[in-house]
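Here the structure comes first, spelled out in structure tokens, and everything after it is commentary.
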Protein chains: 2
Amino acid sequence: MDWHELMGRHREFDVEKALDAAMCVFWRKGYEGASYADLTQAAGVERPALYSAFGNKEALFKKVLVRYYEHHLDYIPVALALPTAREVAAHILYNAIDLNTRYPEHTGCLGINGVLAGSDEAEPVRLALIEARAEGEAMLVERFERAKAEGDLPQAASAQTFAAFLLAILHGMAVQAKAGFSRETLRAVADQALSAWPAPK
Amino acid sequence: MDWHELMGRHREFDVEKALDAAMCVFWRKGYEGASYADLTQAAGVERPALYSAFGNKEALFKKVLVRYYEHHLDYIPVALALPTAREVAAHILYNAIDLNTRYPEHTGCLGINGVLAGSDEAEPVRLALIEARAEGEAMLVERFERAKAEGDLPQAASAQTFAAFLLAILHGMAVQAKAGFSRETLRAVADQALSAWPAPK
DNA sequence: GCGTTTTAATAATGGTCGTTATGAAATGGA
DNA sequence: TCCATTTCATAACGACCATTATTAAAACGC
């Protein structure tokens, strides 16, 4: 490699910095929502320079994805080396939480956002969907408060937590269904979630 | 209402059918991935007819969303009326699974897909992301198989199920982070998930 | 310094997007 | 029958999209 650096004009921009800039844009706006104008502006590089360095938009996103796994999902191999499965799960979960909330300008996960986020003019629709889910969540919270009052859930339990947990499972299953998971697998996920449920009384 | 039906030419297409057709398209392709050409073709209606009946693309999606809640999420109020919180959760979970897998041409949830799915030419990227998650899932399955061999997970447990469950939580938390959930709420969700984890030995 | 090779910058390409004039056809009231 | 009103169909609009010719500039080996 690098044999081509011996001749010709040198590249004037930092490839790694440009890749990080592109990652920020994709992380925030998603794949389709990120226009090439956004990417070149964030990288401070003209269009043909990005093309010659990384290929087209799809190739650039895939390079960004590799970098994301190497630089931000490096806690996963660490977790996999832990002694117990519970520690594995805990390590992954807590590190994912940190990653999802560390950068205010691009929350969540690049992989999910990559196809969940969208361009700016789609924001009203995103907000409408978020609001719709929030209404559902509020109904669940109210219902679980009633359950506490009826002794159906322990007094120490948080209705808000149970609602958020249930919604997380629902969102996760929806993403998995989109990814082609079988009904039986989803059923097993749901049963596993229910096994965490406190017994009545 | 309907005062305007007394005069002028009558509408020649069924508004409800057009709304259902638009719902199918949005469900499969997401909001941004669904072009107005897709919508008019699916509805069998010319462009200005859709505009005059429902407004622009955003207004049409919101009308579709209302219809989705009324026609496909009607199991939620039913669930909320069940006697125990566990039954509420179980009813919602199982009905969501059915909804997510009932229609092969538009799997998952309209709400999630609305901002998760995309247009056809973004499919290579979707597949790349799905493959990346599948690799992570495979690593988790392998790790949990080892845990079973080490007595860290019960022999009766399914490593595949635990991996799918953990991924569902991760996906759900990513969606929630994107929706603005606080770090503390996500932490509570993770702890709730871990409370379902079987104890070692 | 010359020639070769690579990058940089400007600008243009074809295509698709969401949205909308425009005018013809149809309907009911007067 | 004629008018007011609404829908229908064709076609066009400007904007933005991802992608690339094209030309100028820079850096090396010789």
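Treat the numbers as computed from the prediction; the structure is a model and nothing was measured. Letters A, B, ... mirror the listed sequences (proteins, then strands); counts begin at 1.
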All ring-ring contact (aromatic ring centres under 6.0 Å, His included) counterparts of Phe165(B), not counting sequence neighbours: none

Between the CZ atom in Phe144(B) and the CD atom in Glu150(B), the distance rounded to the nearest 0.5 Å is 12.0 Å

Between atom CG in Leu39(A) and atom C1' in dC16(D), what is the gap in whole Å? 15 Å

Parallel, tilted or perpendicular, as decided by the 30° and 60° cut-offs, for the rings of Tyr36(B) and Tyr51(B): parallel

Can you see if the side chain of Tyr51(A) gets near the phosphate of dT19(D) - specifically, an N or O under 4.0 Å from OP1 or OP2? yes

Send over the distance from Glu32(A) CD to dA18(D) P, rounded to a whole Å. 10 Å

Rounded off to whole Å, could you give me the CZ-to-P distance for the Phe54(B) and dT7(D) pair? 12 Å

Verify the contact: side-chain N or O of Arg9(A) to OP1 or OP2 of dA25(D), cut-off strictly under 4.0 Å; return yes or no. no

Proximity to the side chain of Ala49(B) - top-ranked nucleotide from dC8(D), dA8(C), dT20(D): dC8(D)

Without decimals, in angstroms, what is the distance between Tyr36(A) OH and dA11(C) P? 20 Å

Backbone N or O of Ala157(B) within a donor-acceptor pair of the Lys148(B) side chain at under 3.5 Å? yes

Rounded to whole Å, NZ of Lys29(B) lies from C1' of dG18(C) at a distance of 15 Å

Would you please confirm or rule out a distance under 4.0 Å between OP1 or OP2 of dA8(C) and any side-chain N or O of His10(A)? no

Can you check the Arg47(B) CZ to dA11(D) P distance for me, whole Å? 13 Å

Assert: residue with more 5' nearest nucleotide on DNA chain C, out of Glu46(A) and Lys57(B), is Glu46(A)

Ion pair Glu12(A)/Arg9(A), N-O distance below 4.0 Å: yes

Can you check whether Asn56(B) has a side-chain N or O nearer than 4.0 Å to OP1 or OP2 of dG18(C)? no

Can you tell me if the side-chain N/O atoms of Ser35(A) get under 4.0 Å from OP1 or OP2 in dC17(D)? yes

Distance, rounded to the nearest Å, where Phe13(A) contributes CZ and dT6(C) contributes C1': 12 Å

Between dT7(D) (C1') and Arg11(B) (CZ): distance, integer Å: 8 Å

